[in-house]
Amino acid sequence: MLRAIYPLAVQSGIDSETYWELDFEELMVQIIANNHNRIQSLRERAVMDHKQSEMMAFALNDPAKMPKLEEAYPFIQDTAPKQAKPTTEWQQDQMELMKQAQKIKTLRQLKNT
């Protein structure tokens with residue numbers, strides 16, 4: 001009997017060496033647990049795939065209404081480290097332009113006095 005279910009047990013995720021050390025009840029418990037874990041993993045993947053498709057729909061159709069990362073995936077709020085916003089190239093250019101404008105304004109004021 002144990003030889004008959006050996007391929008199924010190994011396919012279920014039980015190590016081939018461990019298989020021979022377990023009795024029938026332990027084998028069945030391990031097979032059921034492995035299958036349950038696999039089904040749970042597939043469920044989690046399905047939820048994440050569905051959520052990803054929702055986010056893609058927002059990105060393509062209405063990016064302005066796209067929820068933030070923490071709103072879309074609330075379970076990562078506690079684990080996500082706080083990061084500073086990276087400045088984009090146009091923001092850096094804008095800051096440089098404002099500095100130059102301030103220099104010009106200061107020079108004009110000095111020239112007029």
Side-chain angles (χ1 to χ4, degrees):
M1 168 122 174
L2 287 178
R3 287 194 186 276
I5 63 170
Y6 176 73
L8 297 172
V10 172
Q11 186 179 21
S12 171
I14 297 175
D15 185 51
S16 59
E17 292 180 15
T18 308
Y19 175 82
W20 298 109
E21 297 171 2
L22 303 174
D23 63 20
F24 183 74
E25 284 184 46
E26 292 171 331
L27 281 172
M28 292 310 294
V29 167
Q30 189 64 50
I31 289 171
I32 291 169
N34 289 353
N35 288 338
H36 183 275
N37 290 341
R38 186 174 297 124
I39 290 170
Q40 185 65 26
S41 176
L42 288 172
R43 284 184 183 142
E44 290 171 0
R45 183 174 176 186
V47 168
M48 296 303 287
D49 288 349
H50 186 266
K51 191 54 108 169
Q52 182 182 15
S53 68
E54 285 180 3
M55 301 298 282
M56 289 170 61
F58 271 115
L60 291 173
N61 297 321
D62 199 1
K65 291 185 180 178
M66 187 166 171
K68 297 195 182 311
L69 181 66
E70 292 81 16
E71 293 170 0
Y73 302 103
F75 57 88
I76 64 169
Q77 278 183 330
D78 299 331
T79 60
K82 304 264 180 182
Q83 295 179 354
K85 282 186 176 177
T87 34
T88 59
E89 187 177 343
W90 71 267
Q91 288 172 325
Q92 291 173 349
D93 291 344
Q94 183 183 24
M95 288 173 52
E96 185 65 34
L97 200 63
M98 290 175 67
K99 286 180 188 177
Q100 290 176 359
Q102 185 61 37
K103 285 180 185 178
I104 292 170
K105 185 178 180 182
T106 305
L107 286 173
R108 283 186 180 163
Q109 286 176 347
L110 289 174
K111 187 177 178 183
N112 290 337
T113 54

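Here W90 pairs with T88 under the side-chain hydrogen bond (donor to acceptor under 3.5 Å, both in side chains) rule; sequence neighbours left out. Scanning for side-chain hydrogen bond (donor to acceptor under 3.5 Å, both in side chains) contacts around N37 gives an empty result, with sequence neighbours left out. Taking H50 as the reference, E54 meet the side-chain hydrogen bond (donor to acceptor under 3.5 Å, both in side chains) condition, with sequence neighbours excluded.
At a threshold of 4.5 Å between non-hydrogen side-chain atoms, the residues Q52 and M48 do not count as touching. In this structure, the side chains of K99 and Q102 stay at 4.5 Å or more apart for every pair of heavy atoms. Residues I31 and L8 are not in side-chain contact: their nearest non-hydrogen atoms beyond the backbone lie 4.5 Å or more apart.
Using a 4.5 Å cut-off between side-chain heavy atoms of Ile, Leu, Val, Met, Phe, Trp and Tyr, with links allowed through other members, L69 and F58 fall into the same hydrophobic cluster. L27 is connected to W20 through a chain of hydrophobic side-chain contacts under 4.5 Å among Ile, Leu, Val, Met, Phe, Trp and Tyr, so both are in one cluster. If you chain together hydrophobic residues whose side chains sit under 4.5 Å apart, M28 and V10 fall into the same group.
Atom CG of L97 is separated from atom CD of Q94 by 8.0 Å, given to the nearest 0.5 angstrom. If you take CE on M55 and CG on L60, they are separated by 12.0 Å, rounding to the nearest 0.5 Å.
Shown here is Q40, whose CD atom has more than 12 heavy atoms of other residues, nucleotides or ligands within 6.0 Å. Atom CD of Q92 has more than 12 heavy atoms from other residues, nucleotides or ligands within 6.0 Å. Environment of CD in E71: crowded, with over 12 heavy atoms of neighbouring residues, nucleotides or ligands closer than 6.0 Å.
The aromatic rings of Y6 and Y19 sit perpendicular to each other, their planes meeting at more than 60°, with 30° as the lower class boundary.
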